[in-house]
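This report refers to the structure that appears directly beneath it.
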Amino acid sequence: MTRRDAIKKTAWLTGCAVSATTVSAVLAGCRADTSEKWIPKILTTDQYECVSELAEFILPKTDTPGAKDVLVGRFIDEMVNGFYDEKEKASFLMGLDACMTYVSKNYAKPTSELIKTEVKQLMDHLIIEAKETVENQKNEDDPIQPFFLQLKHLTMLGYYTCEEISMNVLVFDPVPGEYEGCYPLEETGGRAWAI
Amino acid sequence: MANLNIRSKEENTYDAIVIGSGISGGWAAKELCEKGLKTLVLERGRDVKHGDYPTANMEYWDLPFRDRVPQKELDTTYRVQSRTGWAVNQATKHWFVDDEEHPYSEKKRFDWIRGYQVGGRSLIWGRHCYRWSEMDFKANAKDSIAIPWPIGYKDIEPWYDYVEKFVGISGMKEGLAQCPDGQFLPPMPMNCVEKDFREKIAKNFDGRVMTIGRVAHLTQPHNGRGKCQNRNRCMRGCPFGAYFSSNSATLPVAAATGYLTMRPHSIVHQIIYDKDKKKAVGVRITDALTKATKEYFSRIIFCNASTLGSAQVLMNSKSDRFPNGLGNDSDELGRNIMDHHFRYGAGANVEGFESIYYKGRRPTECYVPRFRNIDKKSERKDYIRGFGFQGGASRSPWWRLVSEYTYGADLKEAGLSPGNWNIGLMGFGETLPYHDNRVTLNENKRDEWGLPTLTMDVEYKENEQAMKKDMMESAAEMLEAAGYKDVHTWDMGSWPGLGIHEMGSARMGADPKKSVLNGNNQVHAVPNVFVTDGSCMTSSACQNPSITYMALTARACDFAVKELKKQNL
């Protein structure tokens, strides 16, 4: 048993916790729906596939899982559908369509088949566009998030707060027990705590 | 018929009625029940039993939208509550009021942050507990501002001891006159960078201290409650009872005496005054669910509905004797509203600790007690009174990377690792009791239960503006002196109410012509009514006020019961 597992197992025993008597039915979670039958709520199949690829470009698979492994595309569909207001939604979908047009015009193939140099070209294009949007921001009180930053925000939120990454890639410690203020980083293998 | 009325009156008669079950109402309930008084607590919100915290054990992926609340909901249901920027999350929003159901009017921006449920805002408070000092009780007299306090530190000191022993406050003794030590449990630890900063402040600024927050978090089991597990999910309610709330601490003790009757969904409209007896005889409520009007009777009444809630009840308690609200002979009721102005400070990056991290999510930060205007040497020409800093050091998680124009494997790896150390200090400053900073009743705009709503007309003025500048500058100065990098100041704007330390609406004073309450929190002209929430404060100091409300409440309960026994009430 690792140190981490040991802490996890003992913490609840020492804390004398009272369990919640109200199990809230109102709170339908944002746990990734992993079922085969899943279909996107707001994105079209093409849009969904493109978004999933873009998310993977932002957080690609290495020796740790990539965005696609943890179904970030499904999370993005959920957020655009239920979390975004109309303005954000419109801006995201417009940005996505423009991105898809750019891909088909320049490469004449789906996003999933882009080669490395093409991915770089596409992402650089999105970034340049985003910078221009930010620089030309007219209303500072009500700024428009450019598509790249919307996409990146949703991707990172979906990835770093999901169950798989929190529990198995970051360091997960739901009931720490003690606070240790000068803790060697090597104890976590250089990883951040899941929050 | 007459018989029925008498019987119903008997059934609805108690020794004491407490209006509100938040941090001070919980204390009133506990003290009065423990002294053997049959006590009715009227709470306007729903019941919440300790442990009844639906989100306490949920992870981010268990919550809708990973704990974020959609903008549309923030703009409507939580129009005011969301002005905090931190309060309204999926895991916590059920502790905050629906702003559409509970309106008020703002002549000037006022952020009224409320929690209507048993336990009130004691479930969601900041939990910092700092004693006031003699300096604070003398401040108004010294500066000839408003009116002097009718009590001094010596009057409240034993009551601080008394409540602290029950609450359980972790902290370090520092021997500072302006922030007296108390009855402390072992302190929560500071991290490496915070220790470094503490040493550097001590070296560079004579007498200045950064200490760990003195907080109502248990660092060891205490009075049957469990110790803090460093989850930092306090705002959801603590299943361990490791932070102090009415729900986890005072109300269970009150209930155990057998003398407590808790009545949730009870919206108090009026305290009923009997002009022949020259006393209050009871309380009139509307049942929030059935909208039926009911009356309850008692020998004494404790008003603990929060600073603005109590003012609203008292102002609405009109009679021939008190046409402008109960006990309002002085016209001070609803005036002199204070809060703490904050959200000003400075931050920096810290180098040299890259191989150090921390373990656990400590639910609090550090505190730099006031260091301005505490003696001749620290006197300022540009403003009176002072401020403290809350702050601390940490390594930022993945969201530091969100707004950068980067992507790819390096970004992912960076997000899986902790960011650089950074440190921040945020000032919490004293505000002055301005006579024209007031709330009034709006008879033309009533809420769903027929109660006139409040109109807020409160603003910060020159003294606060000058102090704000110094909060930013002095924070930056300390960080620079410590040798930290990229020191930057910030001003996020502060509006009355946002500190959620509102106080002063029924101030204490020796002179009934200039105050609502006497030195025992007793309404001057209605001696069997006590107001012991933030309403009673004559000045605001800069320390987080809840522990002072608790001490004043316990003290007033002791006084009230002695007076009852002497048949003076």
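By convention in this document, chain letters (A, B, ...) are assigned in the order of the sequence lines, proteins followed by strands, and residues within each chain are numbered from 1.
Atom-to-atom distance recorded for A:Met156:CE and B:Ser403:OG is 9.5 Å, nearest 0.5 angstrom. Within the model, atoms OH of B:Tyr407 and CG of A:Leu54 stand 11.5 Å from one another, a figure rounded to the nearest 0.5 Å. Going from atom CD of A:Glu187 over to atom CD1 of B:Ile356 covers 11.0 Å, rounded to the nearest 0.5 Å.
Ranking A:Ile127, A:Thr161, A:Ile165, A:Leu126 against chain B, the residue ahead of the rest is A:Thr161, based on heavy-atom pairs under 4.5 Å. The greatest number of non-hydrogen atom pairs below 4.5 Å with chain B, out of A:Ala130, A:Gly189, A:Ala67, A:Cys182, is found for A:Cys182. Ranked by heavy-atom pairs under 4.5 Å with chain B, the first of A:Leu185, A:Thr155, A:Leu149 is A:Leu185. Interface check for chain B: of the options A:Leu157, A:Val134, A:Val119, the most heavy-atom pairs under 4.5 Å are formed by A:Leu157.
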Problem - Evaluation steps, side chain to side chain contact (heavy atoms under 4.5 Å, CB included), between B:Lys359 and A:Thr188 - result: CA-CA 9 Å; B:Lys359 183 195 161 302; A:Thr188 71; over 6 Å; no
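When all heavy atoms of A:Tyr159 and B:Leu416 are compared, the closest pair comes out as CE2-CD2, 4.3 Å. Looking at every heavy atom in both residues, B:Ala409 comes nearest to A:Pro60 through N-CG, 3.5 Å. The minimum heavy-atom distance between B:Glu59 and A:Pro174, with the atom names listed, is OE2-CB, 3.7 Å. Closest non-hydrogen pair, B:Phe65 versus A:Glu78, comes out as CE2-O, 3.9 Å. The two atoms that bring B:Gly360 and A:Pro176 nearest to each other are CA-CB, 3.5 Å, heavy atoms only. Heavy-atom minimum distance, B:Pro70 versus A:Gly82: CG-O, 4.0 Å.
Between the side chain of B:Lys412 and the backbone N or O of A:Thr64 there is at least one donor-acceptor pair closer than 3.5 Å. Of the possible polar contacts, one joining the B:Tyr357 side chain to the A:Trp193 backbone as a donor-acceptor pair under 3.5 Å is found. A side-chain donor-acceptor contact under 3.5 Å links B:Asn230 to the backbone of A:Gly177.
If you measure heavy-atom distances from A:Phe83 to chain B, the contacts under 4.5 Å come from both the backbone and the side chain. With a 4.5 Å cut-off on non-hydrogen atoms, A:Lys120 touches chain B through its backbone and its side chain both. Contacts between B:Cys228 and chain A at a heavy-atom distance below 4.5 Å involve the backbone alone (N, CA, C, O). Of the two parts of B:Val193, neither the backbone nor the side chain holds a non-hydrogen atom closer than 4.5 Å to a non-hydrogen atom of chain A. With a 4.5 Å cut-off on non-hydrogen atoms, B:Arg68 touches chain A through its backbone and its side chain both. Heavy atoms closer than 4.5 Å to chain A are found in the backbone of B:Ser355, but not in its side chain. Interface remark: B:Glu404 contributes backbone and side-chain atoms alike to the contact with chain A (heavy atom separation under 4.5 Å). Proximity to chain B is limited to the backbone of A:Lys61, based on heavy atoms less than 4.5 angstrom apart.
Note that B:Arg66 lies in the cation-pi zone of A:Phe75, set by a 6.0 Å cut-off to the ring centre and a 45° limit from the axis.
Note: B:Trp61 and A:Phe172 have tilted aromatic rings, judged against thresholds of 30 and 60 degrees for the angle between ring planes.
At a cut-off of 3.5 Å, with distance as the only test, a side-chain donor of B:Thr406 or A:Lys152 sits close to an acceptor on the other residue. A donor atom on one side chain and an acceptor atom on the other are found under 3.5 Å apart for A:Tyr179 and B:Asn191.
Residue-environment remark: CG (B:Asp410) stays at or below the threshold of 12 foreign heavy atoms within 6.0 Å. In the displayed structure, B:Trp399 atom CH2 is contacted under 6.0 Å by at most 12 heavy atoms of other residues, nucleotides or ligands. With a 6.0 Å radius and a threshold of 12 heavy atoms from other residues, nucleotides or ligands, B:Met492 has its CE atom above the threshold. Summarising the local packing, NZ of B:Lys72 is surrounded by 12 or fewer heavy atoms from other residues, nucleotides or ligands at distances under 6.0 Å.
For an aromatic pair to be called close, the ring centres must be under 6.0 Å apart, and B:Tyr358 with A:Tyr183 fails this.
Comment: B:Lys227 engages A:Glu178 in a salt bridge, judged by a side-chain N to carboxylate O separation of less than 4.0 angstrom.
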